[in-house]
Undergrad: 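Structure in structure tokens, see below.
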There are 2 protein chains.
Amino acid sequence: MILEKKKAFNSFAAAKGLRSTRQRDIILDIFLSTHQHISVEELYLKVKSSNPGIGQATVYRTLKLFAESGLAREVLLHDGQTRYEHVVVGEHHDHLVCTGCNAIIEFEDETIENLQKDIALRHGFFIRSHKLEIYGLCAACRT
Amino acid sequence: MILEKKKAFNSFAAAKGLRSTRQRDIILDIFLSTHQHISVEELYLKVKSSNPGIGQATVYRTLKLFAESGLAREVLLHDGQTRYEHVVVGEHHDHLVCTGCNAIIEFEDETIENLQKDIALRHGFFIRSHKLEIYGLCAACRT
DNA sequence: ATGCTTTTGAAATTCATTTTCATTTACTAC
DNA sequence: GTAGTAAATGAAAATGAATTTCAAAAGCAT
């Protein structure tokens, strides 16, 4: 699975005429090893701990490339940082965001996905991506 | 309707022990006269044109208050600015965002709203607000 | 290897937003 | 009304995420 993603990114890079660099390989490896919703700063710190030479501008630039390639997706929660999550082909999940403890619960609902398609159809709209975030208090914080 | 909103904000302010100021009245008036999704900077410019004395920090502070009071809602689109939209009680709309021309189409779908409630219930989650944005190309841009 | 172009790292810059702080203003008690 | 206080304001400075700049380094075609 991870290998496939690397291949997918390499194809994208090749198609775009991008060069293959050590830095991008490393950042991709580390990104793929992370869990959901990592911020650029967080990823940069991880990268730096094993590869002190890599600068944060490179991490920013590379994550944008990942998003462009379809490997990652930008998520704007409400903490002032851009986060990136993994894109799994054919799967889309949304988020319950707890404003009490900042926990993020993922969920998937096919019916909602289908309703969105209906709505888009009604408006002649072609869907590229979407984002559903529900804000509130998780079970632990609501008490 | 506008009067009710002003009253609602005043109640909120009173309950919070906030003082009533000329600046907040003016900013509220102007905010209520705007259309959807105004950025802080845009609102500040509007405010400044009729009231040059009002500073932008005040506009920032006041819009946060509006959001806290339930009058407005923060919307993060992808242009690096925080935008605010009007909250209409008992109504919630979501957005189709055209990445071609930046048009924003609003829609409402009760079924989706209800499904969200089901999902929250299943996770023991208490919903405060939510946000659904569908990105893609509008009818005009997809051709 | 050579030459050309992309990529990189470090530092500087940008830009939205927040904070600071001295001053002004609103409200409360007299 | 006036005095006392705490909150709100405006201007400027500070912050912090993200982007840009630019010289040096690295990738790639020949």
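So that the names make sense, note that chain A is the first sequence line, chain B the second, and so on, each numbered from 1. Just so you know, these numbers use all the heavy atoms, side chains as well, and skip hydrogens, waters and symmetry mates.
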Undergrad: Which parts of residues 64-72 of chain B get close to DNA chain C, meaning a heavy atom less than 4.0 angstrom away?
TA: B/K64
Undergrad: Counting only N and O atoms by type, is there a donor-acceptor contact under 3.5 Å from the side chain of B/R24 to the main-chain atoms of B/R19?
TA: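 Answer holds: yes.
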Undergrad: Please report how far the helix from C/dA1-D/dT30 to C/dC30-D/dG1 bends, comparing the axis fitted to its first five pairs with the axis fitted to its last five, to the nearest 10 degrees.
TA: 40°
Undergrad: How many Å lie between CD1 on A/I26 and P on D/dA26, as a whole number?
TA: 13 Å
Undergrad: Compare side-chain N and O positions of A/R24 against OP1 and OP2 of C/dT7 and report whether any pair is under 4.0 Å apart.
TA: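 Answer yes for this pair, as a side-chain N or O of A/R24 is under 4.0 Å from OP1 or OP2.
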Undergrad: What does the list of N/O pairs under 3.5 Å between the protein and nucleotides 15-17 of chain D look like, with a distance for each?
TA:
none

Undergrad: Could you state the CD-P distance from A/Q56 to D/dA18, rounded to the nearest angstrom?
TA: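 The answer, rounded to whole Å, is 9 Å.
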Undergrad: Looking at residues at least two apart in the chain, or sitting in another chain, which of them share a salt bridge (charged side-chain N to carboxylate O under 4.0 Å, His left out) with B/E68?
TA: B/K16
Undergrad: Establish, from distance only, whether the side-chain atoms of A/H95 and A/E85 form a donor-acceptor pair under 3.5 Å.
TA: yes
Undergrad: Name every residue in residues 48-55 of chain B that has at least one heavy atom under 4.0 Å from any atom of DNA chain D, in order of residue number, or write none if there are no such residues.
TA: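 Here the set is B/G53, B/I54, B/G55.
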Undergrad: Let me confirm one number: the CG-OH distance from B/L43 to B/Y60, rounded to the nearest 0.5 Å.
TA: 10.5 Å
Undergrad: Check for a donor-acceptor pair, side chain of B/N51 on one end and backbone N or O of B/G53 on the other, with a separation under 3.5 Å.
TA: no
Undergrad: Could I get the full list of ring-ring contact (aromatic ring centres under 6.0 Å, His included) partners for B/F66, not counting sequence neighbours?
TA: B/F9, B/F31
Undergrad: Counting only N and O atoms by type, is there a donor-acceptor contact under 3.5 Å from the side chain of B/T62 to the main-chain atoms of B/V59?
TA: no
Undergrad: Please give, in whole Å, the distance from C/dA16 P to B/L43 CG?
TA: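 Distance check: B/L43 CG to C/dA16 P gives 15 Å.
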Undergrad: Can you tell me how far P of C/dA16 sits from NE2 of B/H78, to the nearest Å?
TA: 17 Å
Undergrad: Tracing side-chain links under 4.5 Å among I, L, V, M, F, W and Y, which residues wind up in one group with B/L77?
TA: B/V75, B/V97, B/I104, B/Y135
Undergrad: Can you give one letter per nucleotide of nucleotides 25-30 of chain C, 5' to 3': B if a protein heavy atom sits under 4.0 Å from the base, S if only from the sugar-phosphate, - if neither?
TA: -BS---
Undergrad: Would you kindly give the CD1-to-C1' distance between A/I27 and C/dT8, to the nearest whole Å?
TA: 10 Å
Undergrad: Does B/K6 have any salt bridge (charged side-chain N to carboxylate O under 4.0 Å, His left out) partners at least two apart in sequence or in another chain, and if so, which?
TA: B/D29
Undergrad: Let me confirm one number: the CG-CD1 distance from A/D94 to B/I119, rounded to the nearest 0.5 Å.
TA: 7.5 Å
Undergrad: Quick check for you: to the nearest 0.5 Å, what is the distance between B/R61 atom CZ and B/Q23 atom CD?
TA: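 Nearest 0.5 Å value for the CZ-CD distance: 10.0 Å.
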Undergrad: For the pair A/H93 and A/H37, name the ring-plane relationship: parallel under 30°, tilted 30 to 60°, perpendicular over 60°.
TA: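 If you compare the ring of A/H93 with that of A/H37, the planes turn out perpendicular.
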Undergrad: Please enumerate all residues that pass salt bridge (charged side-chain N to carboxylate O under 4.0 Å, His left out) together with B/K64, with sequence neighbours excluded.
TA: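 Once residues adjacent in sequence are excluded, the partners of B/K64 under the salt bridge (charged side-chain N to carboxylate O under 4.0 Å, His left out) criterion are B/E74.
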Undergrad: From CZ of A/R61 over to P of C/dT8, roughly how many Å is that when rounded to an integer?
TA: 7 Å
Undergrad: Can you list everything that forms a salt bridge (charged side-chain N to carboxylate O under 4.0 Å, His left out) with B/E42? Sequence neighbours excluded, please.
TA: B/R83
Undergrad: Can a donor-acceptor pair be found, under 3.5 Å and without considering hydrogens, that links the side chain of A/K48 to the backbone of A/Q56?
TA: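 No: the side chain of A/K48 does not pair with the backbone of A/Q56.
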Undergrad: Applying side chain to side chain contact (heavy atoms under 4.5 Å, CB included), can you list everything that pairs with A/D118, at least two apart in sequence or on another chain?
TA: A/L115, A/R122
